[in-house]
Amino acid sequence: MSTITDTPHQAGPREWLGLAVLALPTLLLSIDVSVLHLAVPHISEGLDPSASQMLWIIDIYGFLIAGFLVTMGTLGDRVGRRKLLLIGAAAFGVASVAAAYADTPAALIAARAALGITGATLMPSTLALISNMFRDARQRGVAIAVWVTMFSVGIALGPVVGGAMLEYFWWGSVFLLGVPVMALLLVAGPVLLPEYRDEQAGRVDLVSVALSLAAILPVIYGLKEIANDGVSALPLLVLVVGLAVSAVFVRRQRTLESPLLDFRLFGNPAFRTSLVTLLLSMLVAGGTYLFVTQYLQLVGGLSPMKAGLYLLPAAFALIVTAVVSPIAASKIRPAYVVAVGLVVSALGHVTLALADSTSGIAQVVTGFAFVYAGGGPLIALGTDIVVGSAPPEQAGSAAAISETSTELGMALGVAILGSVGTAVYRSGVDVPAGVPDGAGDTLAGALEAAKGLSSDVAAAFADSGRAAFTDGMNVIGVIGALVALGTAVLVAVVIKFPPTGAAEEQAEEPAEEQAGEQAGEQAGESAESPAAPARQAAS
């Protein structure tokens, strides 16, 4: 088994091939997020689930991924990241087959739950392995950039791939996408991926595992229910319970010798700031993606497959900026690269804020492409800062924290910005007489209700709904621009890392000087390395 050292070395062909293997499950997990929504009508026809069962089919996957990320990230640090990844891949493949051939709603819910739990093993394990395989700061930045762009590519490809499969095969075929990917990972993983684990870590505290689930799951559930049905007593109560358990969880972690989540990591300002920025940016991205995809289909009249194709420019823009940003960060302070990207995102949000229901799809697609292009540096460098700031033996925990921040941000975005946009829509839509109560509460419902009206009334109702929906997207664009500009200032002021190349040279200087007369003096300067503050905080 490989051991963890602080001496950077250049990655070779084996590591880059390993990165390609690790990128595949990341792509698959993001496709899974978007492809199921296309399959909902087909699942309803095939299994006839109740409304409650359909909600669980859709939501339980995301709930359990978010709930188990911290546990699985820490477990990987203890039992071995490659081992956990391969176990999770095998279980994910089996669960995918079970979901594809489920013959009752309960069976599909159980299979989706298994997919969520096993999916939580994949995300932190892949990112933690990348941080260990690519010890050179520049190479690690590029590798993480490639890894994170797979999420955007998968989300964009989901409607395209899913639409094509549903056109020619049955609904369960969308779940079988995971089988060949996991089979390849199981074959290539032992050959291309080294094993890493923290030999000094203690046992996993099962009470902490239970507390983490009891904290995260109610929070995510409460946020999603508020997003779907508005503010009501039960979701608020569940949310408060989750926050209360979170406080108990934090207090317990501070008293354990070997905690499930080491909160001393948060003592590093760069770590904290990157997490906050990622959370806020994902919050905005979640709300923006929700409204842009609906705009393309409900206002622009595109099919789900065509809407997916129109999202590809944004995905391509994110890939380019995420891959280029580590190169730029070798010359310019990473915080400045991230800040400039956030300003670009702000321009994209402004473009969306100025769109109207008749301005055409091009303006929305362009604005969304700028939003994604500006987010590339943050996703690549922000994730790199979070993982690189942690001691190598805690890379799994740091990766899990980063992923949890992203998941929570997306959930908050759908809940908060979704509610804001819906409120704007409902206040602006002109519902004619004769439309049943609640039929105009969403644009999709309004367009469906308009089919039963006379042509003139239907046209006016549909136009009013499209205009009101676009007003909601405009408001979200304004909020997104303000958040992007605010976080740009925060990142530029707080994160003080020098260019990654300079940081790496400063980190290497002590090792080179140890044989010389100034070894002791130079060793003290190694605190300039990006990972040093977190290591000092965790020591």
Looking at Val21, Leu186, Thr121, Thr126, which one forms a side-chain contact (heavy atoms from CB on, under 4.5 Å) with Leu85? Thr126
What pair of heavy atoms forms the shortest contact from Ile65 to Gly119, and how long is it? CG1-C, 4.3 Å
Shortest non-hydrogen contact between Gly374 and Pro377, atoms and distance: O-CD, 3.4 Å
Partners passing side-chain hydrogen bond (donor to acceptor under 3.5 Å, both in side chains) against Ser208 (at least two apart in sequence or in another chain): Asp205, Gln253
Side chain to side chain contact (heavy atoms under 4.5 Å, CB included) between Phe291 and Leu352, worked out: CA-CA 10 Å; Phe291 271 73; Leu352 295 176; over 6 Å; no
Stepwise, does the side chain to side chain contact (heavy atoms under 4.5 Å, CB included) test hold for Leu311 with Thr293? CA-CA 8 Å; Leu311 294 175; Thr293 52; 3.9 Å; yes
Could you tell me whether a side-chain N or O of Ser281 sits under 3.5 Å from a main-chain N or O of Leu278, the two making a donor and an acceptor? no
Would you give the length of the straight line joining atom CZ of Phe175 to atom OG of Ser96, rounded to the nearest 0.5 angstrom? 8.5 Å
For the atom pair OG1 (Thr118) and CE (Met182), what is the distance rounded to the nearest 0.5 Å? 7.5 Å
Tell me which donor-acceptor pairs under 3.5 Å the side chains of residues 312-321 have, and how far apart each pair is, sequence neighbours excluded?
unit_1: Thr321; atom_1: OG1; unit_2: Ala317; atom_2: O; d: 3.1
unit_1: Thr321; atom_1: OG1; unit_2: Leu318; atom_2: O; d: 3.3
unit_1: Thr321; atom_1: OG1; unit_2: Ala373; atom_2: O; d: 2.9

Flag side-chain contact, heavy atom, 4.5 Å: Leu185 against Leu24: no
Please step through side chain to side chain contact (heavy atoms under 4.5 Å, CB included) for the pair His349 and Val483, ending with a clear verdict. CA-CA 10 Å; His349 286 296; Val483 170; over 6 Å; no
Side chain to side chain, Ile379 and Met282, heavy atoms closer than 4.5 Å: yes
Let me have the donor-acceptor pairs involving side chains of residues 335-343, under 3.5 Å, with sequence neighbours excluded, atom names and distances please.
none

State, to 0.1 Å, how close Tyr310 and Val365 come at their nearest heavy-atom pair, and which atoms those are. O-CG1, 3.6 Å
Just do the side chain to side chain contact (heavy atoms under 4.5 Å, CB included) check on Leu19 and Trp16 with the steps written out, would you? CA-CA 5 Å; Leu19 173 64; Trp16 291 108; 3.7 Å; yes
Please report the interatomic distance CG(Leu84) to CE(Met72), rounded to the nearest 0.5 Å. 6.5 Å
Val284 and Leu417 have their tightest heavy-atom pair at CA-CD1, 3.8 Å
Return the CG to CZ distance between Leu122 and Phe92, rounded to the nearest 0.5 Å. 6.5 Å
Quick one: CG on Leu193 to CG on Leu86, what's the gap to the nearest 0.5 Å? 7.0 Å
For Thr273, the option from Leu275, Val276, Thr277 that meets side-chain contact (heavy atoms from CB on, under 4.5 Å): Thr277
Minimal heavy-atom distance between Ala215 and Val245, with the atoms involved, is N-CG1, 3.8 Å
CZ of Arg333 to CG of Leu381: how many Å apart, nearest 0.5 Å? 13.5 Å
Locate the shortest heavy-atom distance separating Ala100 from Gly172; write the atom from each residue and the value. CB-O, 3.2 Å
